[in-house]
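Structure first, commentary second.
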Amino acid sequence: MPPPAPSKSNREAAMLKVYLDPCTVNCRKVLAGLDLMGAPFERVHVDYFTEGHKKPEFLAINPNGALPAATDGDLALPESNAILQYAADLNGASQHYPKDLKRRADVNRWMLWEAATWFPSCYVYLVEYVVKPLLAAQPDESIIEKEAPNWHRLAGILDARLATSAWLSGDGVTIADIAVAAPMHLHALQRLPLGEHPNLKRWMTEGIEQLPSWQRTQDAVMNALGPKQ
């Protein structure tokens with residue numbers, strides 16, 4: 001006979017524990033996604049700016065030395081998208097991570113695309129226009145000019161998808177939307193040229209940024225990365 005399902009008390013005892021600093025792209029993604037799903041978790045702060053993610057105690061959880069990471073009992077789970085997928089299944093959040101195989105595959109493909117392709121392109125703008133000014137350095141416009149054609153190509157893929165759908169995977173918001181929005185979460189400061197991609201701009205400003213779960217992650221990001229007076 002199969003073993004009995006974990007009791008509620010056992011599940012509570014093994015609540016997902018998430019190690020993060022809320023100002024980073026992928027940590028914000030996880031925070032907003034968990035909030036969207038109403039998934040309970042224990043939050044453990046790891047200071048990105050003092051390189052807490054490079055210390056031995058964190059490397060024992062994620063040898064990659066990258067935030068965020070999560071644990072659930074004896075499971076150690078790096079990778080922000082994997083954390084959201086696991087948390088969705090753990091909490092039965094099928095509204096935001098469908099069980100239907102075709103719909104789930106559609107969500108997964110956007111999340112894989114985000115990590116492999118979209119994040120690296122948006123990150124160029126983040127480094128040049130947000131991180132460098134924080135370090136009192138000047139953006140290198142030649143780097144932006146080199147990346148711009150690729151960014152516009154990728155943004156065009158999103159714009160075409162969002163021309164026919166309110167959200168990336170249908171009429172309801174999923175964890176794919178949170179994942180793809182995260183790399184452009186400071187789009188104004190990043191100077192991302194959203195005006196050339198109206199459907200993408202509508203999705204970000206009228207959709208993502210109106211989600212309470214997204215709004216609740218905003219202050220921590222701006223406090224850490226916003227312009228200093």
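All values below were derived from every heavy atom in this structure, side-chain atoms included, with hydrogens, water molecules and symmetry-related copies excluded. Residues: numbered from 1 along the sequence shown.
- With sequence neighbours excluded, the residues forming a ring pair (Phe, Tyr, Trp, His ring centres under 6.0 Å) with Trp118 are Trp113, Trp151, listed by chain and number.
- When atom types are taken as modelled, the side chain of Asn223 and the backbone of Asp219 share a donor-acceptor pair closer than 3.5 angstrom.
- Although no hydrogens or angles enter the test, the distance criterion places no donor-acceptor pair under 3.5 Å between the side chain of Asn26 and the main chain of Ser80.
- With hydrogens and angles disregarded, a donor-acceptor distance shorter than 3.5 Å links the side chain of Arg202 to the backbone of Ala166.
- Residues forming a side-chain contact (heavy atoms from CB on, under 4.5 Å) with Ser165 (at least two apart in sequence, or on another chain): Arg161.
- A search for salt bridge (Lys or Arg N to Asp or Glu O under 4.0 Å) contacts involving Arg43 returns nothing, not counting sequence neighbours.
- Between Asp35 and Arg216 there is a salt bridge, since at least one side-chain N of the basic residue sits less than 4.0 Å from a carboxylate O of the acidic one.
- Remark: Leu154 CG to Asp159 CG distance equals 12.5 Å, nearest 0.5 Å.
- Taking CD1 of Ile61 as the reference point, atom CG of Leu75 lies at 11.5 Å (rounded to 0.5 Å).
- Atom-to-atom distance recorded for Lys54:NZ and Leu67:CG is 8.5 Å, nearest 0.5 angstrom.
- Side-chain contact check for Ile144 versus Pro139: every heavy-atom pair is 4.5 Å or farther apart.
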For residues 45-52, please give each side-chain donor-acceptor pair under 3.5 Å, one per line with the distance, not counting sequence neighbours.
unit_1: Asp47; atom_1: OD1; unit_2: Phe49; atom_2: N; d: 2.8
unit_1: Asp47; atom_1: OD1; unit_2: Thr50; atom_2: N; d: 3.2

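- Judged as a ring pair (Phe, Tyr, Trp, His ring centres under 6.0 Å), and not counting sequence neighbours, His185 has no contacts.
- For the pair His152/His197, a side-chain contact is recorded, criterion being any heavy-atom separation below 4.5 Å from C-beta on.
- Residue pairs meeting the salt bridge (Lys or Arg N to Asp or Glu O under 4.0 Å) criterion with at least one partner in residues 108-124, sequence neighbours excluded, are Lys29-Glu114, Asp106-Arg109.
- In the hydrophobic cluster analysis, where Ile, Leu, Val, Met, Phe, Trp and Tyr join through side-chain heavy atoms closer than 4.5 angstrom, Leu34 is grouped together with Tyr86.
- In Tyr129, the OH atom is crowded: over 12 heavy atoms of neighbouring residues, nucleotides or ligands sit closer than 6.0 Å.
- Between Gly65 and Leu59 the shortest heavy-atom distance is CA-CD2, 3.5 Å.
- Interatomic distance, Thr217 OG1 to Leu211 CG, rounded to the nearest 0.5 Å: 10.0 Å.
- The cluster map of Ile, Leu, Val, Met, Phe, Trp and Tyr, joined by side-chain heavy atoms under 4.5 Å apart, puts Trp214 and Trp110 in the same cluster.
- The structure places CD1 of Ile157 at 12.0 Å from CG of Leu162, a figure rounded to the nearest 0.5 Å.
- In terms of heavy atoms, Ala163 sits closest to Asn199 at CB-ND2, 3.4 Å.
- Take Asp21 and apply the salt bridge (Lys or Arg N to Asp or Glu O under 4.0 Å) test, not counting sequence neighbours, and it matches no residue.
- Every residue meeting the side-chain contact (heavy atoms from CB on, under 4.5 Å) condition with Lys102, not counting sequence neighbours, appears here in chain and number order: Asp100.
- A donor-acceptor pair under 3.5 Å is absent between the side-chain atoms of Glu209 and the main chain of Gln215, judged by distance alone.
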Exercise. Decide yes or no on side chain to side chain contact (heavy atoms under 4.5 Å, CB included) for Val44 and Leu20, but give the supporting numbers first.
Key: CA-CA 6 Å; Val44 180; Leu20 52 79; over 6 Å; no

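- In this structure, Lys17 NZ and Tyr19 OH are separated by 4.5 Å, a value rounded to the nearest 0.5 Å.
- With contacts defined as side-chain heavy-atom distances shorter than 4.5 Å, the pair Thr71/Leu77 does not qualify.
- Taking Ile143 as the reference, Val124, Glu128, Lys132, Asp140 meet the side-chain contact (heavy atoms from CB on, under 4.5 Å) condition, with sequence neighbours excluded.
- Counting heavy atoms from C-beta outward, Asn64 and Glu79 have side chains that approach closer than 4.5 Å.
- Between Cys27 and Pro68, the closest side-chain pair of non-hydrogen atoms falls below 4.5 Å.
- With sequence neighbours excluded, no residue forms a ring pair (Phe, Tyr, Trp, His ring centres under 6.0 Å) with Phe58.
- For the pair Leu31 and Phe41, the minimum side-chain heavy-atom distance is below 4.5 Å.
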Practice problem: Would you check, one step at a time, whether the test side chain to side chain contact (heavy atoms under 4.5 Å, CB included) holds for Cys23 with Arg28? | Solution: CA-CA 6 Å; Cys23 72; Arg28 183 179 191 180; over 6 Å; no

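- Using a 4.5 Å cut-off between side-chain heavy atoms of Ile, Leu, Val, Met, Phe, Trp and Tyr, with links allowed through other members, Met184 and Val25 fall into different hydrophobic clusters.
- The number of heavy atoms from other shown groups lying within 6.0 Å of CG (Leu135) is above 12.
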Quiz item: Passes side chain to side chain contact (heavy atoms under 4.5 Å, CB included), Asp177 versus Thr174? Steps please.
Solution: CA-CA 6 Å; Asp177 294 286; Thr174 70; 3.5 Å; yes

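- Under the 4.5 Å side-chain contact rule for hydrophobic residues, Val30 and Val180 do not share a cluster.
- The 12-atom threshold is not exceeded at CD of Gln138, counting heavy atoms of other residues, nucleotides or ligands nearer than 6.0 Å.
- Every residue meeting the side-chain contact (heavy atoms from CB on, under 4.5 Å) condition with Asp89, not counting sequence neighbours, appears here in chain and number order: Tyr97, Lys99, Arg104.
- Both Tyr125 and Trp203 sit in one connected hydrophobic cluster of ILVMFWY residues. Membership requires side-chain heavy atoms under 4.5 Å apart, directly or through other members.
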If you look only at distance, which donor and acceptor atoms sit under 3.5 Å apart when one is on a side chain in residues 188-196 and the other is two or more places apart or in another chain?
unit_1: Gln190; atom_1: OE1; unit_2: Leu186; atom_2: N; d: 3.0
unit_1: Gln190; atom_1: OE1; unit_2: His187; atom_2: N; d: 3.3
unit_1: Gln190; atom_1: NE2; unit_2: Cys122; atom_2: O; d: 3.3
unit_1: Gln190; atom_1: NE2; unit_2: Pro183; atom_2: O; d: 3.0

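- Residues Ile178 and Leu36 are in side-chain contact: their nearest non-hydrogen atoms beyond the backbone lie under 4.5 Å apart.
- A heavy-atom distance below 4.5 Å is found between the side chains of Val18 and Leu16.
- Closest heavy-atom contact between Ala176 and Met111: CA-CG, 3.9 Å.
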